[in-house]
Structure formats: C-alpha cells, structure tokens
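Data block below; observations after.
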Amino acid sequence: MERVRQRFVEESLDNALEKRQRHSLKLRRLDGEAEAHLVATACSNPPEGYSRWTLRLLADQIVTLGYVESISHESVRQVLKKTNLSLG
C-alpha cells in the first residue's frame with residue numbers, strides 16, 4: 001500500500017492504480033549440457049558414506065566437476081523438478 005501512495009505522489013493517480021510489469025531478469029545457472037550432467041549425476045550412485053544424493057551434495061559435485069562456479073541447492077532442486085526427477 002505504501003508503494004501505491006508513493007507512486008501517486010511521485011507520478012499520478014493513473015500510474016498508481018495501474019499494475020506495473022515486473023522486469024525480472026533470471027539468468028540460467030546451468031546450460032543444457034550442465035543440466036544433463038546434473039541429472040546423470042543424480043541418477044548415479046551417491047558418494048561413499050552416503051545412502052543417497054542430497055541437493056547440497058549435487059550442487060557441490062557440479063561445482064567440483066567444473067560445470068559452474070557456484071550454484072545453490074535451490075537451483076539444483078528447480079532443475080530436477082523441471083525434469084520430473086525426485087531424490088529419494
């Protein structure tokens with residue numbers, strides 16, 4: 001509500017009532033090749049000492065293999081969700 005008031009004061013009533021378009025620029029963390037390696041890794045046997053892959057382990061593995069400089073476990077989850085692959 002505060003933003004609407006601010007837009008009314010700074011711009012106009014019409015602009016304050018009009019919905020703004022969101023200009024979200026999402027950069028893809030993984031290209032197609034890296035996604036394929038992520039999925040292949042998720043389908044492989046987990047590292048020794050683990051019974052299954054976790055999102056954080058997968059993120060660390062993709063960085064270790066050099067496909068990206070950094071990636072969050074949430075980005076890994078989104079890729080796996082997009083490919084209908086679940087861990088567990």
Kindly list each side-chain donor-acceptor pair under 3.5 angstrom involving residues 60-71, sequence neighbours excluded, with atom names and distances?
{"unit_1": "Thr64", "atom_1": "OG1", "unit_2": "Asp60", "atom_2": "O", "d": "2.8"}
{"unit_1": "Tyr67", "atom_1": "OH", "unit_2": "His37", "atom_2": "ND1", "d": "2.9"}
{"unit_1": "Tyr67", "atom_1": "OH", "unit_2": "His37", "atom_2": "NE2", "d": "3.2"}

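Residues forming a side-chain contact (heavy atoms from CB on, under 4.5 Å) with Asn15 (at least two apart in sequence, or on another chain): Arg7, Glu11, Ser12. Taking Gln78 as the reference, Glu74 meet the side-chain contact (heavy atoms from CB on, under 4.5 Å) condition, with sequence neighbours excluded. Scanning for side-chain contact (heavy atoms from CB on, under 4.5 Å) contacts around Arg5 gives Met1, Glu2, with sequence neighbours left out. Residues passing the side-chain hydrogen bond (donor to acceptor under 3.5 Å, both in side chains) test with Glu10 are Gln6, sequence neighbours excluded. The side-chain contact (heavy atoms from CB on, under 4.5 Å) test applied to Ser51 returns no partner, not counting sequence neighbours. Take Ser75 and apply the side-chain hydrogen bond (donor to acceptor under 3.5 Å, both in side chains) test, not counting sequence neighbours, and it matches Ser72.
Leu55 and Arg77 get closest at one heavy-atom pair: CD1-CB, 3.7 Å.
Counting only distance, with no hydrogens or angles, the side chain of Trp53 and the backbone of Cys43 share no donor-acceptor pair below 3.5 Å.
Note that the NZ atom of Lys81 and the OG1 atom of Thr83 stand 11.5 Å from one another [nearest 0.5 Å].
Connectivity analysis of hydrophobic side chains (ILVMFWY, heavy atoms under 4.5 Å, direct or indirect) links Leu17 to Phe8, Val9, Leu13.
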